[in-house]
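Just follow the structure's listing: the first ligand is 1, and inside any ligand the first atom is 1. Bear in mind the structure is a predicted one, so any value in this text is a computation, not a measurement.
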Amino acid sequence: MAVQIALANHKGGCGKTTLASHLLWWAAKHKLRAHGVAIDPQGNLIQRIINDPRLQRERVYRANDWLELTYSPNAAPGGTFNADVVVFDFPPGFDICNIIQPHLWLVPVDGREAVDGLMTALRTMKVAAGGLGVYAVPNMLDGAGRIPTNAVRDALGKVSGVKVWPASIPDSGTIQRSAEFRAPTWRIPNGAGSAGDEAMQAFCTEVFRLTGLTRRGR
Ligand SMILES: Nc1ncnc2c1ncn2[C@@H]1O[C@H](COP(=O)(O)OP(=O)(O)OP(=O)(O)O)[C@@H](O)[C@H]1O
Ligand SMILES: [Mg+2]
């Protein structure tokens with residue numbers, strides 16, 4: 001059975017689609033069969049990886065030999081996937097996060113306001129048996145005008161039932177540009193080896209190590 005990872009937060013623009021797309025690109029690069037599911041009706045996950053597809057419910061889009069995508073607006077996709085990992089990209093809001101029960105929830109947090117609501121959300125966020133729980137992932141907290149990373153990490157640490165991801169992802173021009181290039185940080189011009197790329201690859205590496213998928217020796 002595929003490992004299921006879901007990205008959610010009640011706040012828009014905190015990095016759900018960015019983290020989801022990088023996890024998929026990273027998995028495919030390491031020859032894991034990866035499947036992305038755009039639960040967000042805007043279909044940003046698909047748009048971020050494949051140039052301008054016509055979004056069609058339940059249609060499977062093939063990005064490359066290892067990466068496929070399904071558009072499943074506001075609903076759990078029917079059937080099962082022939083994949084090692086399935087990554088679900090939710091719209092802002094926690095109201096429909098009970099439609100699936102993944103092994104791991106990742107909640108990107110880009111500021112204090114993204115911390116609010118997490119306690120309520122925990123009542124609806126279900127984790128599959130033997131799963132890894134709910135992790136808050138501090139993202140972009142070091143940019144101008146942002147609340148410093150440590151202050152948000154401290155606030156997150158007080159939310160019971162949520163683990164705080166050990167590393168924080170920086171506000172990075174490389175990560176920003178990856179969205180424009182529809183490519184992972186390591187594939188965009190001058191991206192490979194930058195601080196944003198290293199942080200993103202370290203994040204992906206650790207997620208897949210945690211799931212046990214990279215212990216299969218691929
Ligand atoms: N670590 C980062 N550094 C710089 N830019 C980032 C970072 N993470 C995300 N972004 C940028 O922030 C914007 C919002 O990110 P993204 O689309 O992933 O958020 P989202 O949570 O999926 O938003 P929505 O709720 O609208 O679906 C994008 O332009 C993305 O490139
Ligand atoms: Mg999104």
Side-chain angles (χ1 to χ4, degrees), residues 5-26 36-53 55 61 69-75 87-97 100 105-118 121 125 134-149 152-153 156 164-207:
I5 302 173
L7 281 290
N9 194 318
H10 73 300
K11 184 176 174 295
C14 60
K16 298 179 289 293
T17 306
T18 300
L19 298 187
S21 55
H22 278 88
L23 289 168
L24 290 163
W25 279 317
W26 193 98
V37 182
I39 304 281
D40 185 345
Q42 289 195 66
N44 294 350
L45 182 68
I46 300 176
Q47 308 279 6
R48 202 67 73 80
I49 294 175
I50 297 176
N51 197 11
D52 200 23
L55 292 173
Y61 299 86
L69 301 153
T70 295
Y71 181 56
S72 185
N74 288 328
V87 178
F88 297 88
D89 185 38
F90 275 75
F94 283 125
D95 36 318
I96 57 164
C97 61
I100 59 166
W105 283 102
L106 296 171
V107 181
V109 170
D110 70 343
R112 191 58 196 254
E113 66 278 37
V115 181
D116 301 339
L118 205 47
M125 293 171 104
V134 181
Y135 278 86
V137 184
N139 183 31
M140 292 188 276
L141 287 166
D142 54 338
R146 304 269 181 187
I147 295 183
T149 308
V152 177
R153 292 190 76 92
L156 284 169
V164 186
W165 196 259
S168 300
I169 300 179
D171 189 340
S172 142
T174 303
I175 295 173
Q176 175 65 49
R177 281 191 299 131
S178 77
E180 292 150 26
F181 277 92
R182 289 196 170 80
T185 51
W186 53 91
R187 292 277 305 277
I188 65 164
N190 305 316
S194 65
D197 176 45
E198 283 182 2
M200 190 56 82
Q201 294 217 50
F203 168 74
C204 295
T205 303
E206 184 55 21
V207 167

(request) Measure from the side-chain N and O atoms of N74 to the backbone N and O of P41, and report whether any donor-acceptor pair falls under 3.5 Å. (result) no
K11 and P92 have their tightest heavy-atom pair at C-CB, 4.0 Å
Take R48 and T18 through the side chain to side chain donor-acceptor pair (under 3.5 Å) test and state the conclusion after the steps. CA-CA 8 Å; R48 202 67 73 80; T18 300; 3.3 Å; yes
Quick check: does D89 get an N/O under 3.5 Å from an N/O on ligand 1? no
ask   = When only distance counts, is G12 in polar contact with ligand 1, meaning an N/O pair under 3.5 Å?
value = no
Q | Min N/O separation K16 to ligand 1 under 3.5 Å | A | yes
Ligand 1 atoms nearer than 4.0 angstrom to some heavy atom of P170 are 1 (N), 2 (C), 3 (N)
Is I96 close to P91 at the side-chain level, that is, under 4.5 Å between some pair of heavy atoms? yes
Margin query: Between T17 and D89, is the side chain to side chain donor-acceptor pair (under 3.5 Å) condition met? List the steps.
Written below: CA-CA 6 Å; T17 306; D89 185 38; 2.8 Å; yes
| task | Look only at interatomic distance and state if M140 has a nitrogen or oxygen under 3.5 Å from any nitrogen or oxygen of ligand 1. | result | no
| request: Please report the C-alpha distance between I100 and F88 in whole Å, then the side-chain angles of each, then the deciding distance to 0.1 Å, and finally whether the side-chain contact (heavy atoms from CB on, under 4.5 Å) criterion is met. | output: CA-CA 9 Å; I100 59 166; F88 297 88; 3.6 Å; yes
query = Does I169, backbone or side chain, put an N or O under 3.5 Å from an N or O of ligand 1?
reply = no
*Just wondering, is there an N, O or S atom on T17 that's nearer than 2.8 Å to the Mg ion (ligand 2)?*
yes
At under 4.0 Å between heavy atoms, what of N9 touches ligand 1? The answer is neither
Q: Go through F203 and W165 one step at a time and tell me if the ring-ring contact (aromatic ring centres under 6.0 Å, His included) criterion holds.
A: CA-CA 9 Å; F203 168 74; W165 196 259; 5.3 Å; yes
The answer for which part of A179 has a heavy atom under 4.0 Å from ligand 1 is side chain
Smallest heavy-atom separation, P138 atom then V164 atom, equals CG-CG1, 4.2 Å
- Query: Do the two ring centres, one from W105 and one from F90, sit under 6.0 Å apart?
  - Reply: yes
Between ligand 1 and M200, can you find any atom pair, the residue atom being a heavy atom, that is separated by under 4.0 Å?
no
Note: R48, heavy atoms under 4.0 Å from ligand 1, region reported as side chain
Near D171 (heavy-atom distance under 4.0 Å), the atoms of ligand 1 are 3 (N), 4 (C)
Margin query: Contact between W26 and V207 at the side-chain level, heavy atoms closer than 4.5 Å - yes or no?
Written below: no
The atoms of ligand 1 lying under 4.0 Å from a heavy atom of D40, numbered in the order shown, are 27 (O)
For this session: Return yes when at least one protein heavy atom is under 4.0 Å from atom 7 (C) of ligand 1, and no when none is.
Result: yes
With heavy atoms and a 4.0 Å threshold, my read on which part of N44 contacts ligand 1 is side chain
Exercise. What about F90: any of its N or O atoms under 3.5 Å from an N or O on ligand 1?
Worked result: no
